[in-house]
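Just below is one structure, and these are the notes that go with it.
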Amino acid sequence: AKQEGRNTYRFHTQALSDAASQRLQLETRLRRALADGEFVLHYQLLIDAQTEAPIGVEALVRWQPPAEAMVPPAAFIPLAEETGLIVPLGEWVLQHACQQGRAWIDAGLPAMIIAVNLSVRQFQSGNLVDLVRRVLADSGFPADRLELELTEGMLMEDAEQTVVTLKALKDLGIRLSIDDFGTGYSSLAYLKRFPIDKLKIDQSFVRGLYDDLNDREITATIIAMSRILKLDVLAEGVETEQQLAFLRDSGCDYYQGYLFHKPEAAADVAKRLAETRRS
Ligand code: C2E
Ligand code: CA
Ligand code: CA
Ligand code: CA
């Protein structure tokens with residue numbers, strides 16, 4: 001029995017160290033990918049409910065290793081967050097998105113809002129406000145077109161410092177939204193206290209709009225609450241006409257989802273925006 005126990009132990013440490021070395025390998029590859037410029041941004045159009053025209057895009061990062069399949073963010077963002085690599089990666093995303101936005105304006109396309117995801121680590125990094133100020137200045141992208149997507153988790157921690165940071169960001173003239181709204185712990189008090197412009201209803205609620213009474217009530221409540229608090233409200237992950245009909249009846253301001261557009265490379269988005277301008 002003793003012998004067997006030792007084997008089991010050895011087996012477990014082996015399995016553990018395999019997992020650890022795989023993580024280390026991935027971390028090393030991610031660092032190199034950032035240095036070698038292997039990340040790309042795709043952009044998903046955000047749709048105005050009244051006109052069904054695009055009002056902006058959300059920038060979504062992908063990893064494109066040479067001669068391999070594109071890697072989705074779920075496969076590397078969690079590790080990038082754990083290791084802190086999300087801070088330089090997030091900086092790259094912000095710079096790149098604002099440069100792209102400027103290039104679209106220079107090409108004569110309608111000025112879009114560009115929404116960029118922030119991670120908790122970036123939010124807590126202490127120099128976020130300076131970074132955003134510098135990126136806006138360097139890129140020449142208009143501040144009032146940049147929207148940073150926060151999560152409820154960021155807004156819970158250390159409320160005093162959070163208010164200071166959010167006010168400093170708002171003073172730059174940018175817009176702030178809460179991503180994946182409804183999955184965390186926001187309270188009405190927080191929403192009133194923080195200078196937020198928009199709520200993005202999490203796609204898990206939108207998914208159930210057709211047949212789940214709870215999801216319908218939660219979604220309708222978030223939309224009604226947004227109206228009272230004078231916030232914009234967007235529904236994420238809109239995939240079907242039934243979901244759209246419910247959202248329309250509930251008075252949702254903006255939509256995002258495969259029913260309208262999937263995230264696409266910058267060149268494809270530019271073509272769509274050029275068509276919008278013509279029509
Ligand atoms: P998210 O911010 O909630 O982004 C929306 C995700 O939903 C995107 O997945 C998008 O492709 C997907 N989506 C859009 N419409 C639909 C739809 O109709 N149906 C379904 N099923 N999905 C839809 P993606 O691009 O794989 O990104 C996943 C997550 O990775 C994002 O979720 C965000 O949390 C994170 N992420 C992406 N880019 C960045 C980034 O630059 N920085 C940070 N910190 N996180 C990022
Ligand atoms: Ca987002
Ligand atoms: Ca989201
Ligand atoms: Ca999400």
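Source: prediction; values computed, not measured.
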- Of all heavy-atom pairs between Ala235 and Cys252, which one has the smallest distance, and what is that distance? N-SG, 3.7 Å

- Message: Quick test of your reading of the model: are Arg62 and Glu68 salt-bridged, counting only N-O distances below 4.0 Å?
- Response: no

- Item | Under 4.5 Å side-chain linkage, directly or through intermediates, the cluster mates of Met70 | Val40

- Please assess Ile47 against His261 for the test side-chain contact (heavy atoms from CB on, under 4.5 Å), listing each intermediate value before the final yes or no. CA-CA 9 Å; Ile47 304 298; His261 302 282; 3.9 Å; yes

- Query: Taking all non-hydrogen atoms of both residues, which atom of Ile174 and which atom of Asp197 are closest, and how far apart?
  - Reply: O-OD2, 4.3 Å

- Query: Is the closest side-chain heavy-atom distance between Ile223 and Leu247 below 4.5 Å?
  - Reply: yes

- Task: Answer yes or no: is there a side-chain heavy-atom contact under 4.5 Å between Gln100 and Val57?
- Result: no

- Closest contact, heavy atoms only, Pro54 versus Leu45: CB-CD2, 3.7 Å

- Query: Honestly curious: do Val164 and Leu128 fall in one hydrophobic cluster under the side-chain, below-4.5 Å linking rule?
  - Reply: no

- Message: I'd like to check Ile77 versus Trp63 (side-chain heavy atoms, cut-off strictly below 4.5 Å). Are they in contact?
- Response: no

- Message: Listing request: all side chain to side chain donor-acceptor pair (under 3.5 Å) pairs with a residue in residues 136-147, at least two apart in sequence or in separate chains.
- Response: Glu147-Arg175, Glu147-Lys198

- Does any pair with a residue in residues 103-128 pass side chain to side chain donor-acceptor pair (under 3.5 Å), and if so which ones, sequence neighbours excluded? Glu58-Asn117, Arg102-Asp106, Gln124-Glu157, Ser125-Asn127

- Message: What I'd like to find out is whether the side chain of Asp180 reaches to under 4.5 Å of the side chain of Glu236, using heavy atoms alone.
- Response: yes

- Examine Leu46 and Leu109 and state if one hydrophobic cluster contains both, with Ile, Leu, Val, Met, Phe, Trp and Tyr joined whenever side-chain heavy atoms are less than 4.5 Å apart. no

- Query: Who pairs with Asp211 by salt bridge (charged side-chain N to carboxylate O under 4.0 Å, His left out), at least two apart in sequence or on another chain?
  - Reply: none

- Message: Please check this pair: side chain of Glu152 against backbone of Gly182, looking for a donor-acceptor N/O pair closer than 3.5 Å.
- Response: yes

- Item | Distance in Å, Glu52 CD paired with Leu244 CG, rounded so as to fall on 0.5 Å steps | 6.0 Å

- Item | Side-chain touch Leu85/Arg31, heavy atoms, less than 4.5 angstrom | yes

- List in chain and number order the residues that pass salt bridge (charged side-chain N to carboxylate O under 4.0 Å, His left out) with Glu239, two or more places apart in sequence or in another chain; answer none if no residue qualifies. none

- Common cluster, Leu26/Phe39, ILVMFWY with side-chain heavy-atom separation under 4.5 Å: yes

- Message: Going by side-chain contact (heavy atoms from CB on, under 4.5 Å), Leu146 matches just one of Ile113, Leu176, Leu94, Leu169. Which one?
- Response: Leu94

- Query: Is any side-chain heavy atom of Gln243 closer than 4.5 Å to a side-chain heavy atom of Leu259?
  - Reply: no

- Query: Any side-chain heavy-atom pair from Leu191 and Phe181 closer than 4.5 angstrom?
  - Reply: yes

- Query: Just how far is it from atom CD of Glu91 to atom CG of Leu89, taken to the nearest 0.5 Å?
  - Reply: 10.0 Å

- Message: Evaluate Asp268 against Tyr43 for side-chain contact (heavy atoms from CB on, under 4.5 Å), listing each step before the verdict.
- Response: CA-CA 9 Å; Asp268 297 317; Tyr43 299 89; over 6 Å; no

- Task: Is it possible for you to say whether Ile55 and Ile196 belong to one hydrophobic cluster, with membership spreading through side-chain heavy-atom contacts below 4.5 Å?
- Result: no

- Query: Which atom pair, heavy atoms only, marks the closest approach of Ala97 to Ile114?
  - Reply: O-CD1, 3.5 Å

- Euclidean distance, Leu166 CG relative to Gln161 CD, rounded to 0.5 Å: 9.5 Å

- Does any pair with a residue in residues 208-256 pass ring pair (Phe, Tyr, Trp, His ring centres under 6.0 Å), and if so which ones, sequence neighbours excluded? Tyr255-Phe260

- Message: So, taking the atom named CZ in Arg23 and the one named OG1 in Thr83, what distance separates them when rounded to the nearest 0.5 Å?
- Response: 8.0 Å

- Item | Exercise: identify the closest heavy-atom pair between Leu229 and Lys192 | CD2-CG, 4.2 Å

- Just do the salt bridge (charged side-chain N to carboxylate O under 4.0 Å, His left out) check on Arg29 and Glu38 with the steps written out, would you? CA-CA 10 Å; Arg29 289 188 65 198; Glu38 291 176 9; over 6 Å; no

- Message: How close do Pro78 and Ala74 get, counting heavy atoms only, and between which atoms?
- Response: CD-O, 3.4 Å

- Item | Parallel, tilted or perpendicular, as decided by the 30° and 60° cut-offs, for the rings of Tyr190 and Phe194 | tilted

- Query: Should we count CZ of Arg32 as having more than 12 external heavy atoms under 6.0 Å?
  - Reply: no

- Option passing side chain to side chain donor-acceptor pair (under 3.5 Å) with Glu264 (candidates Lys271, Gln44, Arg272): Arg272

- Is there a side-chain contact between Phe205 and Asp215 (heavy atoms, below 4.5 Å)? yes

- Got a second to check how far Ile222's CD1 is from Leu234's CG, nearest 0.5 Å? 11.5 Å

- Query: Looking at CZ of Arg207 and OG1 of Thr219, how far apart are the two atoms once the value is rounded to the nearest 0.5 Å?
  - Reply: 11.5 Å

- Task: Report yes or no: do Leu24 and Phe76 belong to one cluster of Ile/Leu/Val/Met/Phe/Trp/Tyr joined by side chain heavy-atom distances under 4.5 Å?
- Result: no

- Donor-acceptor pair, side chain of Asp253 and main chain of Val233, under 3.5 angstrom: yes

